[in-house]
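Some notes on the structure that comes next.
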Amino acid sequence: MERKIVIIGAGHVGSHVALSLAYGNIANEIVFIDIIEEKARAQAQEVMDAAAFAGWPVTARAGGYKDCAGAGVVFLCFGKPREPGMTRLDTFGSSIEASLEVLPLLARADTQSSVIISITNPADVVASFFVQRLSLEKGQLFSTGTLLDTARMKQVVAGYFDVSASSIDGLVMGEHGDSQFVPFSSLMVGSKPFTAMFSNNSDAAYAASQIEMETAQRGTAIMEGKGSTEFGIGYVAAMAAKAVLDGAKRVLPVSTLLEGEYGQDGFLIGVPAIIGASGVQKVVELPLNDGELARFAMSCAVVKSYNEMAGGM
């Protein structure tokens, strides 16, 4: 697959996606598209400067939608960033307005050979908006969804048990937002089930509630501390692109279209899925317990309610 990547939106997130792509030896051509062309050019120049000693031949430049032709991955990173005090759902109005501007331009672009990865918040709603309005193959467009939330959860759990984050095997499901949840029945610390780390169920339940709360609030804490989040999403988005370009068939928690899995249908939300050259190849269904299924259904209801509002715009 072509290692050319187009990034629509040259702001904080788009620029850090590009930097991670360059540093990670993932792309050899990066094209920024932005309504402020000077900004796109400046971001491209900075990426080129940063990659001068990377030991990997990469070029970065500003371009237009015609550059989608031949791209292995197209990222959607446009829109106004979330501000301190805002939830991701609070960006709904401005993001859908921006989506209505991008949609016809992207529809006319040649994305036949491209996998489209959406990052713009609210992540599940914006991704659903595009999937429902573009003529795409199944799995060709997905969102980073709960991939970043999973990275945060791994750090939180690792800190709780004083082990490395790489020893944590688990994920976050549902909305990339306040209704997300951790299926603790599938979470492993090393090779040990999460619940087996405790002497009784009440201690496990308390730890689970604390871990979920800190995971969900981690993005807000970063936002309030520095005004934006960019490093984490830049890296995990690049990781998803690498899975596509390498045809890795890697299982990652992303927001993808459900067609009956987990008893849900017709919209995108965060679930584990196999990512390969064509995008999402298959949704992985975990054996969720009744409580986890109920929480997933609640999260789905949140996303569906906003999808209905987007449908009227």
Side-chain angles (χ1 to χ4, degrees), residues 87-89 121-125 127-128 142-161 163 165 167-221 236 251-274 280 282-308:
T87 69
R88 296 175 186 88
L89 290 173
N121 279 320
D124 311 282
V125 179
S128 292
F142 64 90
S143 168
T144 46
T146 52
L147 188 53
L148 177 57
D149 303 301
T150 295
R152 291 169 173 164
M153 180 273 291
K154 286 175 177 283
Q155 292 287 4
V156 173
V157 175
Y160 199 95
F161 293 108
V163 298
S167 299
I168 309 304
D169 185 9
L171 50 85
V172 177
M173 289 181 62
E175 175 206 3
H176 176 49
D178 294 342
S179 67
Q180 65 181 244
F181 75 100
V182 180
F184 285 99
S185 64
S186 300
L187 182 64
M188 304 289 286
V189 181
S191 299
K192 194 171 183 178
F194 173 80
T195 52
M197 301 292 291
F198 302 89
S199 59
N200 58 71
N201 291 337
S202 61
D203 286 348
Y206 177 78
S209 66
Q210 294 299 111
I211 289 167
E212 281 196 321
M213 181 174 64
E214 187 174 343
T215 298
Q217 293 177 351
R218 199 174 179 99
T220 298
V236 300
V251 177
L252 297 173
V254 298
S255 184
T256 188
L257 181 65
L258 297 184
E259 296 181 318
E261 298 91 348
Y262 298 101
Q264 302 290 335
D265 183 72
F267 61 97
L268 284 75
I269 198 165
V271 292
I274 300 172
V280 172
K282 183 180 180 180
V283 171
V284 177
E285 292 194 73
L286 299 179
L288 302 182
N289 60 39
D290 290 344
E292 291 164 347
L293 280 171
R295 293 192 65 186
F296 185 63
M298 289 175 59
S299 192
C300 289
V302 171
V303 172
K304 286 190 286 187
S305 68
Y306 277 82
N307 284 347
E308 289 173 2

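For reference, positions follow the sequence shown, starting with 1.
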Task: Donor-acceptor under 3.5 Å (T150 side chain, V172 main chain) - done: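 Yes, T150 side chain to V172 backbone: donor-acceptor pair under 3.5 Å.
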
Task: Donor-acceptor under 3.5 Å (K154 side chain, I168 main chain) - done: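 Checked: pair present.
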
Tell me every residue that passes side chain to side chain contact (heavy atoms under 4.5 Å, CB included) with [X], counting only those two or more places apart in sequence or in another chain.
X    : answer
E212 : F181, V182, F184, R295
N201 : none
S143 : S118, A123, A127, S255
A207 : Y160, F194, F198

Task: Rounded distance (nearest 0.5 Å) linking atom CE of M197 with atom CG of D203 - done: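 Output value for this atom pair is 12.5 Å.
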
Open item on the list: Measuring from atom CG of L187 to atom CG of L171, what distance do you get when rounded to the nearest 0.5 angstrom?
Closed with: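 Answer rounded to 0.5 Å: 8.5 Å.
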
What's the shortest heavy-atom distance between [X] and [Y], and which atoms?
X    : Y    : answer
V251 : P272 : CG1-CB, 4.1 Å
D124 : N307 : O-OD1, 4.5 Å
G260 : D265 : N-OD1, 3.6 Å
T215 : D149 : CG2-O, 3.6 Å

TODO: Could you walk me through whether L89 and V302 pass side chain to side chain contact (heavy atoms under 4.5 Å, CB included), step by step?
DONE: CA-CA 10 Å; L89 290 173; V302 171; 3.9 Å; yes

Would you list the atom pairs, donor with acceptor, under 3.5 Å between side chains in residues 283-291 and any protein atom, with sequence neighbours excluded?
residue, atom, partner, partner atom, Å
E285, OE1, Y262, N, 3.0
N289, OD1, G291, N, 3.1
N289, OD1, E292, N, 2.8

Task: Beyond-backbone contact of L257 with L268, side-chain heavy atoms, under 4.5 angstrom - done: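 Heavy-atom side-chain distance check passes, below 4.5 Å.
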
Task: Within-4.5 Å side-chain heavy-atom neighbours: S128 and K304 - done: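 A side-chain contact is absent here, since even the closest heavy-atom pair is not under 4.5 Å.
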
[X]: which residues meet the side-chain hydrogen bond (donor to acceptor under 3.5 Å, both in side chains) condition with it, sequence neighbours left out?
X    : answer
S202 : N200
T144 : none
T195 : none
R88  : H176

Task: Positive for side chain to side chain contact (heavy atoms under 4.5 Å, CB included) with R152, one of Q217, R218, E214 - done: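 With R152 as partner, Q217, R218, E214 yield a single side chain to side chain contact (heavy atoms under 4.5 Å, CB included), made by R218.
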
Task: Heavy atoms from other residues, nucleotides or ligands near CE of M298 exceed 12 (cutoff 6.0 Å) - done: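 Atom CE in M298 is not crowded, with 12 or fewer foreign heavy atoms closer than 6.0 Å.
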
Open item on the list: Does anything in residues 167-192 form a salt bridge (charged side-chain N to carboxylate O under 4.0 Å, His left out)? List the pairs, not counting sequence neighbours.
Closed with: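 Found none.
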
Task: Within residues 254-263 or reaching into it, pairs that qualify as salt bridge (charged side-chain N to carboxylate O under 4.0 Å, His left out) - sequence neighbours excluded - done: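 For residues 254-263, and leaving out neighbouring residues, the salt bridge (charged side-chain N to carboxylate O under 4.0 Å, His left out) pairs sorted by first residue read K138-E259.
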
